[in-house]
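Notes follow once the structure below has been shown.
Heavy-atom basis, side chains included; hydrogens, waters and symmetry copies ignored. All chains are named by letter (A, B, ...) in the order of the sequence lines, taking the proteins before the strands, and each is independently numbered beginning at 1.
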2 protein chains.
Amino acid sequence: MAGLAGVSQATVSLVLSARGDGRAAAISEETRQRVLDAARSLGYVPDPAARRLAAASNNLLGVFSFTATFPTDVQHSYYPFLVGVEQEAAARGYDLVLFTGSSTGGAGAAGPDALSRVRLADGCLFLGRHVPRAELKRLVADGFPVVHLGRREELEGVAWVGADYVSASREVVAHLAELGHRRIVLVREDDDAPASTDRQRGFLDGLAAAGLTGGPGAVLRCADPAGELTAQRVRALVADGVTAFVAEETDTGAAWRALNAAVREAGLGCPGDVSLGLLGSPPADLAARPVPTGFDIPRHRLGAAAVRLLAALVAGEEAEEPLVACEFRAGETAGPPVPPR
Amino acid sequence: MAGLAGVSQATVSLVLSARGDGRAAAISEETRQRVLDAARSLGYVPDPAARRLAAASNNLLGVFSFTATFPTDVQHSYYPFLVGVEQEAAARGYDLVLFTGSSTGGAGAAGPDALSRVRLADGCLFLGRHVPRAELKRLVADGFPVVHLGRREELEGVAWVGADYVSASREVVAHLAELGHRRIVLVREDDDAPASTDRQRGFLDGLAAAGLTGGPGAVLRCADPAGELTAQRVRALVADGVTAFVAEETDTGAAWRALNAAVREAGLGCPGDVSLGLLGSPPADLAARPVPTGFDIPRHRLGAAAVRLLAALVAGEEAEEPLVACEFRAGETAGPPVPPR
DNA sequence: TTGTAAGCGTTATCAA
DNA sequence: TTGATAACGCTTACAA
């Protein structure tokens with residue numbers, strides 16, 4: 001190549017990497033053209049591998065998930081996040097490396113060095129619930145840029161991006177309070193995932209902000225929502241003055257399902273007799289009608305925010321705000337309170 | 001790294017690249033362990049770019065799409081393919097590089113060298129309709145392993161994997177013939193996409209195999225199905241002895257929609273009065289009921305097959321059968337023929 | 001069984 | 001404005 005154009009390899013490099021940049025100043029137009037022509041006629045393209053070797057960064061952002069990145073079941077997949085991840089990565093000129101099969105028994109599933117593979121990229125995004133803390137912290141300790149998608153305050157030093165469940169839950173309660181509800185009950189499952197805790201906090205904050213009292217019965221915490229949340233129980237609560245219920249969103253949608261079933265079984269209409277709220281998005285099979293009042297987790301934006309943060313870390317910049325706001329969804333399951341019949 | 005283990009760089013390379021292979025014979029178990037331990041403690045991972053440059057492989061398979069890889073609309077996305085791609089890649093120990101933003105204005109959207117980025121990987125999978133032929137053939141000519149997902153016979157030399165529409169369509173016709181239908185009409189759009197042509201061929205093959213005659217009217221080819229395929233037309237055909245219709249699947253589902261609309265408008269029930277078949281999967285909004293008799297394109301398996309083929313090419317092996325069988329779907333829109341009322 | 005050394009195709013740093 | 005030349009981190013003969 002350099003031969004055909006009659007110049008040195010270095011000159012070729014100069015010409016070809018100057019493309020786009022305005023600073024073509026260092027090369028004479030004639031040489032430039034000669035090189036460009038030769039390149040075209042040879043179909044020459046700089047080898048990206050060599051390029052990256054020499055330039056020490058490879059324009060690659062990793063995505064590592066502790067479960068299959070593309071599970072067969074679209075509902076429980078990371079797909080929505082990836083949409084945002086890809087868009088933002090593309091916008092910033094990064095390509096994505098999907099580290100496959102963490103759980104699928106794939107590429108490097110085996111050893112504890114499975115995680116080391118990610119060092120191939122300039123930085124890596126992590127998704128999933130079950131994180132191998134040690135390995136992750138190791139990466140961080142080595143100065144490798146790491147971002148976790150989902151709140152991870154327990155893992156000190158690990159940067160993360162998460163949805164602001166607190167504010168979103170508070171907003172839903174505020175909406176109900178504004179409609180006139182005075183007694184609202186939260187139905188949640190009995191685990192202590194950050195996502196659950198956050199929602200409860202937001203719920204209680206919202207109550208307080210509206211001048212309402214949480215009281216002992218305001219949070220219905222049940223190991224098995226379907227078992228505890230009976231029609232009878234609902235009827236009793238309503239008789240006692242409760243006019244609205246909110247359920248937390250979980251993987252399975254169990255709380256929301258149980259709540260709906262119990263209300264229906266109690267012979268109560270919604271929002272005719274009671275108002276319902278869902279702190280999150282409905283499971284796919286219940287997505288149709290009626291649209292639950294609640295909020296949506298902006299998965300696209302979360303993915304994008306994660307990439308932004310990661311890109312910042314890679315560039316050695318400061319981390320930004322890790323919380324992404326959720327979107328309030330008016331829905332059709334909440335109306336003014338109605339006194340019990 | 002080599003220092004910590006007290007061995008030469010070459011030994012490190014030997015140890016690390018022998019992994020998986022049974023031929024660890026050339027290295028003493030002790031040295032091997034020492035290197036492995038050192039690597040683990042340092043979190044060392046061979047630089048893929050360097051690896052590739054040094055003429056080996058880097059365990060990376062590329063995925064390049066000519067539209068955004070992750071369109072917001074899941075329905076029209078490559079998601080189903082990616083499920084298979086990821087699974088198969090994981091199973092074979094490959095990681096995936098998503099070359100982003102071909103159309104999104106991303107990473108390398110610009111020049112004609114956008115495609116050259118894929119050379120970083122050991123081989124690359126291409127998805128999408130609008131292929132830059134020249135660039136692709138260039139890659140192939142350079143001996144870079146390339147597989148296109150979807151039939152691409154026009155691009156000589158480019159390996160591809162596609163669905164076997166011919167056999168699948170033939171099977172649907174055979175099913176109808178077995179039910180007793182003697183006059184079947186194919187409704188197709190008026191373009192010459194390979195997918196359309198294949199279906200028609202399968203349709204005619206199926207007719208012939210069942211001892212039925214295609215005849216001039218067996219294929220209803222209309223530029224605008226909605227315009228041509230009127231209720232009147234359907235009624236006339238039925239009066240003339242036609243007892244079953246099959247429509248091809250297209251992006252928009254236009255043919256199938258038009259067929260359904262016309263039949264309904266003609267006051268005919270299905271499968272009571274006429275049987276219907278769909279050569280493909282129904283559009284999402286019509287997916288519910290009734291399930292159309294027809295076939296499903298096994299997108300998972302297509303993705304997996306593409307990876308298998310690509311892996312074979314990367315390994316310098318022979319290409320395998322590029323056609324993936326579709327799955328017959330009994331559905332609920334076909335029954336025994338009924339004489340016109 | 002392990003070490004030495006020659007590339008691989010760029011980029012970057014100096015000189016010229 | 002251009003040309004040598006030294007990295008870059010690895011693989012792979014070939015030598016020890």
Side-chain angles (χ1 to χ4, degrees), chain A residues 1-36 38-39 42-60 116-117 119-122 142 144, chain B residues 1-39 42-60 108 111 113 116-122 139 142-144 314-316:
Chain A
M1 161 66 202
L4 210 182
V7 297
S8 75
Q9 165 59 217
T11 305
V12 174
S13 176
L14 247 22
V15 171
L16 261 36
S17 45
R19 281 235 244 166
D21 294 37
R23 53 177 180 84
I27 259 93
S28 75
E29 189 52 30
E30 191 209 325
T31 309
R32 210 179 103 79
Q33 274 314 325
R34 204 144 29 98
V35 172
L36 255 26
L42 259 50
Y44 167 90
V45 166
D47 182 325
R51 209 164 200 172
R52 280 165 192 180
L53 215 211
S57 99
N58 57 16
N59 247 37
L60 255 29
S116 303
R117 279 155 56 229
R119 291 179 194 255
L120 165 165
D122 289 343
D142 287 356
F144 183 83
Chain B
M1 161 66 202
L4 209 182
V7 297
S8 75
Q9 162 60 215
T11 305
V12 173
S13 177
L14 249 21
V15 171
L16 261 37
S17 43
R19 284 237 244 162
D21 294 36
R23 54 178 179 84
I27 259 95
S28 75
E29 189 50 32
E30 191 208 324
T31 309
R32 210 180 102 79
Q33 274 314 326
R34 204 142 31 98
V35 171
L36 255 25
D37 289 351
L42 259 49
Y44 167 90
V45 163
D47 181 316
R51 211 162 195 180
R52 174 131 192 97
L53 182 56
S57 68
N58 53 17
N59 251 41
L60 256 29
D113 27 332
S116 82
R117 277 155 57 228
V118 307
R119 290 177 194 254
L120 171 73
D122 289 343
L139 286 174
D142 288 354
F144 183 83
V314 167

5'-most by nearest nucleotide on DNA chain C - B/E30 or B/A50: B/E30

Could you state the atom-to-atom distance from [atom1] of [X] to [atom2] of [N] in whole Å?
{"X": "B/R51", "N": "C/dG9", "atom1": "CZ", "atom2": "P", "answer": "18 Å"}
{"X": "B/L120", "N": "D/dC8", "atom1": "CG", "atom2": "P", "answer": "20 Å"}
{"X": "A/D122", "N": "D/dC8", "atom1": "CG", "atom2": "P", "answer": "17 Å"}
{"X": "B/F144", "N": "C/dG9", "atom1": "CZ", "atom2": "C1'", "answer": "16 Å"}
{"X": "B/N59", "N": "D/dT11", "atom1": "CG", "atom2": "P", "answer": "11 Å"}
{"X": "B/L14", "N": "D/dA16", "atom1": "CG", "atom2": "P", "answer": "18 Å"}
{"X": "B/L16", "N": "D/dG9", "atom1": "CG", "atom2": "P", "answer": "16 Å"}
{"X": "B/R52", "N": "C/dT10", "atom1": "CZ", "atom2": "C1'", "answer": "15 Å"}

Close side-chain approach of B/V7 and B/V15, heavy atoms under 4.5 Å: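 When only atoms from C-beta onward are counted, B/V15 and B/V7 do not touch, as no gap falls below 4.5 Å.
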
Whichever of B/A10 and B/A49 has its nearest DNA chain D nucleotide further upstream toward 5': B/A49

Ignoring the backbone of [X], work out which of [options] is nearest its side chain.
{"X": "A/V7", "options": "C/dG9, C/dC8, D/dG3", "value": "D/dG3"}
{"X": "A/A55", "options": "C/dT10, D/dC8, C/dT11", "value": "C/dT11"}
{"X": "A/D47", "options": "D/dC10, C/dT2, C/dG9", "value": "C/dG9"}
{"X": "A/A54", "options": "D/dT2, D/dT12, D/dC8", "value": "D/dC8"}

Side-chain donor or acceptor of B/D47 paired with backbone N/O of A/L53 under 3.5 Å: no

Side-chain (B/R52) to main-chain (B/R119) donor-acceptor, under 3.5 angstrom: yes

May I ask you to evaluate whether [X] reaches the phosphate of [N], defined as a side-chain N or O under 4.0 Å from OP1 or OP2?
{"X": "A/Q9", "N": "C/dT10", "result": "yes"}
{"X": "B/S17", "N": "D/dC10", "result": "no"}
{"X": "B/S13", "N": "D/dT11", "result": "yes"}
{"X": "A/T11", "N": "D/dG3", "result": "yes"}
{"X": "A/T31", "N": "D/dT2", "result": "yes"}

Straight-line distance of A/T11 OG1 to A/R34 CZ, nearest 0.5 Å: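 Going from the OG1 atom of A/T11 to the CZ atom of A/R34 covers 9.0 Å.
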
Separation between CG of A/N59 and CG of A/D122, rounded to the nearest 0.5 Å: 7.0 Å

